[in-house]
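This is the structure I have questions about; it appears just below.
Chain A is the first sequence line, chain B the second, and so forth, proteins listed ahead of strands; every chain is numbered from 1.
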Number of protein chains: 2
Amino acid sequence: MKILDELQRFEPFRKLGEDSRTLLGQGLVGKQCARADMALHKGQPVSGAYVVLSGRLRVFSLSPNGTEATLYFIDPGETCVLALNCLFNDLLYPAWVQAETASQVALIPGAVYRKLFERETAIQNLTVHTLSTLVFRLMSELELVHTSHHKQRLANFILIQSASDGVLRMTQQQLAQHLGTTREVVARLLRDFVAKGLVSTCRGAIAIRDLFGLRRLVSPGE
Amino acid sequence: MKILDELQRFEPFRKLGEDSRTLLGQGLVGKQCARADMALHKGQPVSGAYVVLSGRLRVFSLSPNGTEATLYFIDPGETCVLALNCLFNDLLYPAWVQAETASQVALIPGAVYRKLFERETAIQNLTVHTLSTLVFRLMSELELVHTSHHKQRLANFILIQSASDGVLRMTQQQLAQHLGTTREVVARLLRDFVAKGLVSTCRGAIAIRDLFGLRRLVSPGE
DNA sequence: CGCGATCTGTAGCAAAAGCTACACGCTTTC
DNA sequence: GAAAGCGTGTAGCTTTTGCTACAGATCGCG
């Protein structure tokens, strides 16, 4: 029951009808993921819809030689749409999912979710909205990947992912994984950035020194 | 009215209720695209849902230096989901769309589509299914892009896009555009393929000579 | 304090990809 | 049948990226 309460902190699950709520309450399963736990493996059949309650999941692909690359993140209140996708089309999960930080996840069994989708406008909207958002993120990522060099992608990543104090707390190894490249490349690029006074680096973190300089790197035209 | 008939060749639009049909009939607009016509520009506000009746649309991104890269194709009976996406979230269109061959497209105005979505289960399913499919395609593409070299991507593209007779009728320039690279790179790779007896080339076309050899290139493990 | 583990900084070499330039052949067009 | 346009084949050079290797810095822990 506690998990149902957690889930109802989020908008779409508050508007459900009484019987839908009961249905949801019966099937719902909670799942705790420690940092770096693998939540879903590639090729695994998907058993339901995943809603992140707290923490953060990372969806990534893995190439034969071992390089990872982040496709996108799932933050609290968001649903793992890839799972949704597989759910509606009976596909195997096409990527890997790992907990970035310790996370709590609610698992709605496939059959239950499908029923909810048929009945509840809120769930239909949630589904469409989640899918749309993912499409948009994937498009942007795909565009970034082939219109820009690692230099630009790195600058962009630092700008987008850094905390509000302008500091990105992440090791170079992790950075490399997100960008789908190697630590050496990241170190090389960061050396340039430091030389130009754009950022400063220390163990486990990167601090932005020249915000606008970085932005110019990302979009040279403006 | 003729366009409505065309549209109803496709499953989801046959199951509509009487009033939905009327609503659809009133707003529907037909659009002819000649080969190489630009159907949608990047940044353009989206005025409705696009359903391809005949021909083929190509969705691609364009980088500052002029290189194109195909994101995915839209074949007859399919809907341009990106447009859907923008429609539901009030976004500007994030890519370019061009007619690969002469195409006929039905344009369902945004307001009409939203109403249909609220009422008709068939349209809800269509929407979710279309979005799901796109997500899947984008994921695959994204995975391909950063797990494989141009050599593998080219081999893959030839395998997937060639006609049933094993011939891909496309210039090297076009190939390069789809892969997001330059003609010279494509020519260089094809030279290797020809040397290994995998394909043969002639003006405007590439013929597969060794199907399994090509497949081994794409997925070396199997 | 010492030790192992982790993270960063650098260097050098090899492979991949991009860019420029040009020769040649086939089509279309005037 | 000459000229222009398009498509292919090739070469050489530069930049970017990937891989291997190693040195030094920092951290946590017993």
Closest-nucleotide mapping onto DNA chain C: is B/Ser148 or B/Arg183 further toward the 5' terminus? I mean the 5' end.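 That would be B/Ser148.
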
Any sub-3.5 Å donor-acceptor pair from B/Arg153's side-chain atoms to B/Val218's backbone N or O? no

Ignoring the backbone of A/Glu184, work out which of C/dG18, D/dT20, D/dC6 is nearest its side chain. D/dT20

Working note: B/Arg35 + B/Thr101, criterion side chain to side chain donor-acceptor pair (under 3.5 Å); need CA distance, chi angles, decisive distance, verdict. CA-CA 5 Å; B/Arg35 210 180 93 76; B/Thr101 63; over 6 Å; no

Rounded distance (Å) that lies between atom P of C/dA16 and atom CG of B/Leu217: 12 Å

Residues in contact with DNA chain D, drawn from residues 185-197 of chain A - heavy-atom cutoff 4.0 Å: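 Going residue by residue through residues 185-197 of chain A, the ones with a heavy atom under 4.0 Å of DNA chain D turn out to be A/Val185, A/Arg188.
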
Determine, for A/Glu100 against A/Arg169, whether the closest basic-nitrogen to carboxylate-oxygen distance falls under 4.0 angstrom.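 Looking at A/Arg169 together with A/Glu100, the answer is no, because their closest N to O distance does not fall below 4.0 Å.
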
Check whether A/Phe73 forms a cation-pi arrangement with A/Arg56 (NZ or CZ under 6.0 Å from the six-membered ring centre, at most 45° off the ring normal).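 Yes, A/Arg56 and A/Phe73 form such a contact.
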
How many whole angstroms separate atom NE2 of B/His146 from atom C1' of D/dG18?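 So the NE2-C1' distance, B/His146 to D/dG18, works out to 16 Å.
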
Testing the 3.5 Å rule here: is there a donor-acceptor pair between the side chains of B/Ser61 and A/His146?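 Checked: B/Ser61/A/His146 side chains pair up, N/O donor to acceptor below 3.5 Å.
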
More than 12 foreign heavy atoms under 6.0 Å from NE2 of B/His129: is that the case here?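 No, the 6.0 Å shell around NE2 holds no more than 12 heavy atoms from other groups.
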
Value in whole Å for how far the P atom of D/dT17 lies from NZ of A/Lys151: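 Those two atoms, NZ and P, are 9 Å apart.
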
Can you measure B/Gln172 atom CD to C/dG18 atom C1' for me and round it to whole angstrom units?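 My rounded result for the distance is 16 Å.
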
Starting at atom NE2 of B/His149, determine the distance to atom C1' of C/dA14, rounded to an integer number of angstrom. 13 Å

Expressed as a whole number of angstroms, how long is the span from B/Leu179:CG to C/dA17:C1'? 13 Å

